[in-house]
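It should be emphasised that the depicted structure is a prediction, and the values quoted were computed from it without experimental measurement.
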Amino acid sequence: MVNNRTSEATTTAVSSNGTPPKACAGCGGKIADRFLLYSMDRYWHTRCLKCSCCQAQLGEIGTSCYTKSGMILCRNDYIRLFGSSGACSACGQSIPASEMVMRAQGSVYHLKCFTCATCRNRLVPGDRFHYINGTIFCEHDRPSGLLNGHLNPLQNNPLQSSPMLPDQKVC
């Protein structure tokens, strides 16, 4: 096919149905293969649409893929990273695929729902917390009767490390 709109003639490869070949969203190359994939409003070589975690070729393992936080994921890795139900463990409402989450012991939470059960303060990445029987407590509100009647206070200097208790986690 010759483009007559410019002063130079340019040639473009044409597929058997008369349309120009598509560019692959993965590698940027032209797709001249017999089969191609269309996902997320883009075209892909079958070998280029891969799970960001396990590198499985998504066209070979199923008919769906998931995307969140800039990652393209197979179903198994999406469930592993973001939970199976898609619902917040605290409020039970659904979590949109585009929303960031907090995780604890396999449970998934909205950022606003990841709070201490006692003081209701929101916990943020880097905060220490206790996860006891599915309930989240900040480091100051951990039920004291659960560890021989006392809780070792954390040191006031956040730059010094302090020993973590068996049920204590870091966001």
Run through the side-chain heavy atoms of Ile, Leu, Val, Met, Phe, Trp and Tyr, join any pair under 4.5 Å, and report what else lands in Ile61's cluster.
->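 Joined to Ile61, directly or through intermediates: Leu37, Met40, Trp44, Leu49, Leu58, Ile72.
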
So [Y] and [X], do their side chains get closer than 4.5 Å, heavy atoms only?
{"X": "Ile95", "Y": "His110", "result": "yes"}
{"X": "Arg47", "Y": "Asp33", "result": "yes"}
{"X": "Cys138", "Y": "Leu123", "result": "yes"}
{"X": "Cys88", "Y": "Tyr109", "result": "yes"}

Value rounded to 0.5 Å, distance of [atom1] in [X] from [atom2] in [Y]:
{"X": "His45", "Y": "Lys50", "atom1": "NE2", "atom2": "NZ", "value": "12.0 Å"}
{"X": "Asp141", "Y": "Phe129", "atom1": "CG", "atom2": "CZ", "value": "14.5 Å"}
{"X": "Thr67", "Y": "Leu73", "atom1": "OG1", "atom2": "CG", "value": "7.0 Å"}
{"X": "Cys116", "Y": "Asp127", "atom1": "SG", "atom2": "CG", "value": "11.0 Å"}
{"X": "Ser107", "Y": "Phe114", "atom1": "OG", "atom2": "CZ", "value": "9.5 Å"}
{"X": "Cys74", "Y": "Gln57", "atom1": "SG", "atom2": "CD", "value": "12.5 Å"}

Is there a donor-acceptor pair under 3.5 Å between the side chain of Ser89 and the backbone N or O of Val108?
->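 Checking the backbone N and O of Val108 against the side chain of Ser89, a donor-acceptor pair under 3.5 Å is found.
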
Can you give me the closest heavy-atom contact between [X] and [Y], atom names plus distance?
{"X": "Gly26", "Y": "Cys48", "answer": "CA-CB, 4.3 Å"}
{"X": "Ala117", "Y": "Thr135", "answer": "CB-CG2, 3.4 Å"}
{"X": "Arg122", "Y": "Thr115", "answer": "CA-CG2, 3.7 Å"}
{"X": "Ile132", "Y": "Pro143", "answer": "CD1-CD, 4.1 Å"}

Assign the ring pair Tyr38 / Tyr43 to parallel, tilted or perpendicular, where the plane angle (0 to 90°) is split at 30° and 60°.
->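 Aromatic pair Tyr38/Tyr43 classed tilted.
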
Evaluate whether atom CD of Glu99 has more than 12 neighbouring non-hydrogen atoms of other residues, nucleotides or ligands under 6.0 angstrom away.
->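 Atom CD in Glu99 is packed in, count exceeds 12.
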
Could you pull out all residues at least two apart from Arg42 that satisfy salt bridge (charged side-chain N to carboxylate O under 4.0 Å, His left out)?
->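 Counting only residues at least two positions away or on another chain, Arg42 forms no salt bridge (charged side-chain N to carboxylate O under 4.0 Å, His left out).
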
